[in-house]
K.L.:
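Next up is a structure, given as structure tokens.
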Amino acid sequence: QVQLVESGGGLVQTGGSLRLSCVASGRAFGSYVMAWFRQTPGKEREFVAGISWSGGNTYYADSVKGRFTISRDNAKNTVYLQMNSLKPEDTAVYYCAASPKRTILTTRSTYDSWGQGTQVTVSS
């Protein structure tokens with residue numbers, strides 16, 4: 001497992017942008033698939049975006065496709081989520097997650113390391 005710490009959340013107006021960062025410590029960050037999930041009160045945690053260990057493959061939920069971009073810098077043990085054209089429905093706690101699987105999966109149970117979460121609030 002790796003230890004994950006997110007940052008970059010905050011309050012932004014509709015149409016604005018935020019960039020989330022997640023710094024990892026521990027073993028072999030470069031061998032993990034990384035992903036971002038989000039959760040609102042009373043709802044299940046949902047997959048937002050994922051990136052392969054090399055960064056060569058990415059996958060997005062339909063709700064964020066074309067607006068969000070996931071990237072990683074293995075030299076810095078960091079994964080990013082650039083969020084543009086934000087909408088009120090993007091308001092949630094965003095979590096960084098790491099999976100030892102070799103492919104990007106959207107199922108929460110396949111990720112064995114989680115950060116503490118960072119709040120993103122989009123005002124209308």
K.L.:
On the 0 to 90° scale, with breaks at 30° and 60°, tag the Phe47-Tyr59 ring pair as parallel, tilted or perpendicular.
P.N.:
tilted
K.L.:
I'd like to check the side chain to side chain contact (heavy atoms under 4.5 Å, CB included) partners of Glu46; sequence neighbours left out, ordered by chain and number.
P.N.:
Arg38
K.L.:
Would you check if the side chain of Ser85 reaches a backbone N or O of Gly15 as a donor-acceptor pair within less than 3.5 Å?
P.N.:
no
K.L.:
For the hydrophobic clusters of this structure (ILVMFWY residues joined by side-chain heavy atoms under 4.5 Å, transitively), does one cluster hold both Trp114 and Val93?
P.N.:
yes
K.L.:
Atom NZ of Lys87 and atom CZ of Arg67: how far apart are they, to the nearest 0.5 Å?
P.N.:
4.5 Å
K.L.:
Measure from NZ or CZ of Arg72 to the centre of the six-membered ring of Phe29, then state whether that distance is under 6.0 Å and the direction lies within 45° of the axis.
P.N.:
yes
K.L.:
Where the side chain of Ser99 meets the backbone of Thr110, is there a donor-acceptor pair that is under 3.5 Å apart?
P.N.:
yes
K.L.:
Say you draw a straight line from OG1 of Thr106 to CZ of Phe37; how long is it, rounded to the nearest 0.5 Å?
P.N.:
7.0 Å
K.L.:
Could you state the interatomic distance from OH (Tyr80) to CG (Asp73), rounded to the nearest 0.5 Å?
P.N.:
5.0 Å
K.L.:
Are Ile70 and Tyr95 linked, directly or through intermediate hydrophobic residues, by side-chain heavy-atom contacts shorter than 4.5 Å (ILVMFWY only)?
P.N.:
no
K.L.:
If you count the non-hydrogen atoms of other residues, nucleotides and ligands that lie under 6.0 Å from CD in Gln116, is the total more than 12?
P.N.:
yes
K.L.:
Surrounding CD of Glu89 (heavy atoms of other residues, nucleotides or ligands, distance under 6.0 Å), is the total greater than 12?
P.N.:
yes
K.L.:
Does Ile104 share a hydrophobic cluster with Trp36, counting links as ILVMFWY side-chain heavy atoms below 4.5 Å and allowing steps through other members?
P.N.:
no
K.L.:
Nearest 0.5 Å, what's the CG-CD1 distance between Asn57 and Ile51?
P.N.:
9.0 Å
K.L.:
State the OG-CG distance between Ser113 and Leu4, to the nearest 0.5 angstrom.
P.N.:
5.5 Å
K.L.:
For the pair Asp62 and Lys65, find out whether any cationic side-chain nitrogen is under 4.0 Å from an anionic carboxylate oxygen.
P.N.:
yes
K.L.:
Taking all atoms of both residues into account, what is the closest heavy-atom pair of Leu11 and Ser123, and its distance?
P.N.:
CD1-CB, 4.3 Å
K.L.:
If only atom types and distance count, is the side chain of Gln119 paired as donor or acceptor with the main-chain N or O of Gly9 below 3.5 Å?
P.N.:
no
K.L.:
Which heavy atom in Ser17 sits nearest to a heavy atom in Gln82, and how many Å separate them?
P.N.:
CB-NE2, 4.0 Å
K.L.:
Quick one: closest heavy-atom pair of Leu86 and Leu18, and the distance?
P.N.:
CD1-N, 3.9 Å
K.L.:
Is there a side-chain contact between Asp90 and Met83 in this structure, where contact means two heavy atoms from C-beta onward sitting under 4.5 Å apart?
P.N.:
no
K.L.:
List the steps, then state whether side-chain contact (heavy atoms from CB on, under 4.5 Å) holds for Tyr32 with Asp112.
P.N.:
CA-CA 10 Å; Tyr32 283 85; Asp112 63 2; 4.2 Å; yes
K.L.:
Which heavy atom in Tyr111 sits nearest to a heavy atom in Val33, and how many Å separate them?
P.N.:
OH-CG1, 4.0 Å
K.L.:
Nearest 0.5 angstrom please: Glu6 CD to Tyr94 OH, how far?
P.N.:
12.5 Å
K.L.:
Check the pair Val79, Cys96 against side-chain contact (heavy atoms from CB on, under 4.5 Å), reporting the backbone distance first and the verdict last.
P.N.:
CA-CA 8 Å; Val79 62; Cys96 177; 3.7 Å; yes
K.L.:
Do Met34 and Trp53 share a hydrophobic cluster, counting only Ile, Leu, Val, Met, Phe, Trp and Tyr and linking them when any side-chain heavy atoms are less than 4.5 Å apart?
P.N.:
no
K.L.:
For the residue pair Val2 and Ala98, what are the closest heavy atoms and their distance?
P.N.:
CG2-CB, 3.7 Å
K.L.:
What's the shortest heavy-atom distance between Gly56 and Ser52, and which atoms?
P.N.:
N-OG, 3.3 Å
